[in-house]
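Below: one structure, written as structure tokens.
As the structure is a computational prediction, the values presented were derived from the model and not from experiment. Each chain gets a letter, A, B and so on, in the order its sequence line appears, and its residues count up from 1.
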Protein chains: 2
Amino acid sequence: MSTEPRELRADARENRLRILAVATDVIEQQGTMASLNEIAKRAGVGPGTLYRHFPSREALLAEVLATWVKRVEEAAQSAPVRTRDDLVDWLGRLAGIASGYRGLAASMAASMDDEASPLRHAHRASLVANTLVFERAREAGLIDHAVDSGTVARLVTGVAMVAEQATLPPEQVRDMLRVILDGLTARSD
Amino acid sequence: MSTEPRELRADARENRLRILAVATDVIEQQGTMASLNEIAKRAGVGPGTLYRHFPSREALLAEVLATWVKRVEEAAQSAPVRTRDDLVDWLGRLAGIASGYRGLAASMAASMDDEASPLRHAHRASLVANTLVFERAREAGLIDHAVDSGTVARLVTGVAMVAEQATLPPEQVRDMLRVILDGLTARSD
DNA sequence: ACCTGAACACCGTTCAAGT
DNA sequence: ACCTGAACACCGTTCAAGT
């Protein structure tokens, strides 16, 4: 099941780690569309070396996102679910994390489609995290029926995409999320 | 108020129209990120000529969108507002038009920010159209309070962005829109 | 086994030179 | 006044040649 690298030659291992560190920096600053050639140059390797370790931009991104995935999982566990505002806060945190890097929400959305996308793990992790929070909210009596977490995830991704494209003020993002939460907890039958 | 071209030399006028026609074709096929050099080449002009007529990709896009704007306005006027499903349909049509070209929803979202964006007209038109539909729904007694059309527009843009990035099946899009509509018509106080 | 870096086919954008 | 097209500085991606 594990796709972790087995035993790399010492120089290869070092290069790999250095590329990953540099990529994290550069992507944090410039977004998920940052130049791969620039990352290679800053890491002190030829472009071919980057491609050898990470055959696609998504493969690189997936590894960079490892710490990101942890943040989502932690946030889900510690998220309070006492009031409806708590849930709006949670969605906001989810959207905020999803747009932690510019272009990330779009990259994630694109990966929904693709069964083989390297980003699938990150995507599934955020979906599971979200399901967990809403399940806890239901157990706490805050909402009275199950919500479809796939739909929630897609909606929140949409909010994140608009927010980062248009650099919306936080209260406009919150308005969007509140509508979504109201829609989720209103019976539509 | 009008920024229409005044009196162009005959060859310039012809070039301009040909660029526009070709751009409409190419953008329809390849999306809003289509190569400008390719558009110029297909239109039989040098790249400099395209830039002379349309100083930015957005300026070109704004003109290509003229017929698009008409479609939104017509759709708004003829949209039935008798049932809640009618409203979901309307949002679906809006989202569908917004992603008529691949990348259009993202381009529109980016223009929300920028006061001087050439896409502002198209964006405002869709906002006005949406306000019109919901106002008619309110008059028809379908909903009982005003909705914030800015928030609606942003949410629908988000749905359109996710839908085209992930190429979602129609029923998933509909699920998203239904949640939004429920959220809009539920009292949140 | 791994790395280098030149090379290729593209971008968007500019601008001297032409008509 | 307008157009051309070469030129520039970039992309992503590949692959022979090196170690």
Side-chain angles (χ1 to χ4, degrees), chain A residues 3-23 26-27 29-64 101-103 106-107 110-111 114 117-119, chain B residues 3-23 26-27 29-64 101-103 106-107 110-111 114 117-119:
Chain A
T3 52
E4 287 304 303
R6 292 276 158 214
E7 339 184 356
L8 293 174
R9 218 170 65 182
D11 55 347
R13 202 184 121 75
E14 274 170 24
N15 280 335
R16 196 176 193 289
L17 290 175
R18 207 164 53 253
I19 291 170
L20 225 37
V22 170
V26 173
I27 290 175
Q29 289 165 16
Q30 307 186 7
T32 60
M33 287 314 188
S35 159
L36 299 180
N37 276 338
E38 186 186 335
I39 292 173
K41 181 169 280 180
R42 285 214 212 178
V45 300
T49 302
L50 188 148
Y51 275 85
R52 160 167 270 261
H53 288 292
F54 309 98
S56 71
R57 163 175 256 112
E58 286 207 322
L60 177 58
L61 198 54
E63 303 243 21
V64 168
Y101 304 124
R102 240 173 317 131
S107 300
S111 83
D114 182 6
S117 169
L119 290 177
Chain B
T3 51
E4 289 303 304
R6 290 281 158 213
E7 339 183 355
L8 293 174
R9 218 168 65 180
D11 56 345
R13 202 183 122 74
E14 274 169 25
N15 280 335
R16 195 176 193 288
L17 290 175
R18 208 166 52 255
I19 291 170
L20 224 37
V22 170
V26 173
I27 290 176
Q29 288 165 16
Q30 309 186 4
T32 60
M33 286 315 188
S35 159
L36 299 180
N37 276 338
E38 187 187 335
I39 291 172
K41 180 169 281 180
R42 285 215 212 176
V45 300
T49 302
L50 189 149
Y51 275 85
R52 159 168 272 263
H53 287 290
F54 308 99
S56 71
R57 163 174 257 113
E58 286 207 322
L60 176 58
L61 198 56
E63 303 242 22
V64 168
Y101 304 124
R102 240 174 317 130
S107 299
S111 83
D114 181 5
S117 168
L119 290 177

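- The residue among B/Arg52 and A/Glu38 whose nearest nucleotide of DNA chain D lies closer to the 5′ end is B/Arg52.
- Minimum interatomic distance between A/Ser107 and A/Thr32 (heavy atoms only, all atoms of both residues): OG-OG1, 3.5 Å.
- Note: A/Glu38 CD to A/Leu36 CG = 10.0 Å, rounded to the nearest 0.5 Å.
- With a heavy-atom cut-off of 4.0 Å to chain B, the contacted part of DNA chain C has its first and last nucleotide at C/dC11 to C/dC15.
- Residue contacts shown for A/Asp11 are limited to sugar-phosphate atoms, with no base heavy atom under 4.0 Å away.
- Both B/Arg9 and B/Gly48 sit near DNA chain C, but only B/Gly48 has its closest nucleotide nearer the 5' end.
- Between A/Met33 and A/Arg102 the shortest side-chain heavy-atom distance does not fall below 4.5 Å.
- A/Leu8 CG to A/Asn15 CG: the interatomic distance, rounded to the nearest 0.5 Å, is 10.0 Å.
- In this structure, B/Ala34 reaches the sugar-phosphate backbone alone: every heavy-atom distance under 4.0 Å involves primed, P, OP1 or OP2 atoms, never a base.
- The CD1 atom of B/Ile19 lies 8.0 Å from the CG atom of B/Leu60; values are rounded to the nearest 0.5 Å.
- Between atom CD1 of residue B/Ile27 and atom CD of residue B/Gln30 there is a gap of 9.5 Å, rounded to the nearest 0.5 Å.
- Contact annotation for A/Thr49: base contact, defined as any heavy-atom pair under 4.0 Å involving a base atom.
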Its dot-bracket string being built from Watson-Crick and G-U pairs below 3.5 Å, with | for another strand and [ ] for crossing, DNA chain D has the pattern ||.|||||...|||||.||
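- For B/Val64 against B/Ala23, the heavy-atom pair with the smallest separation is CG2-CB, 4.0 Å.
- With contacts defined as side-chain heavy-atom distances shorter than 4.5 Å, the pair B/Phe54/B/Arg16 qualifies.
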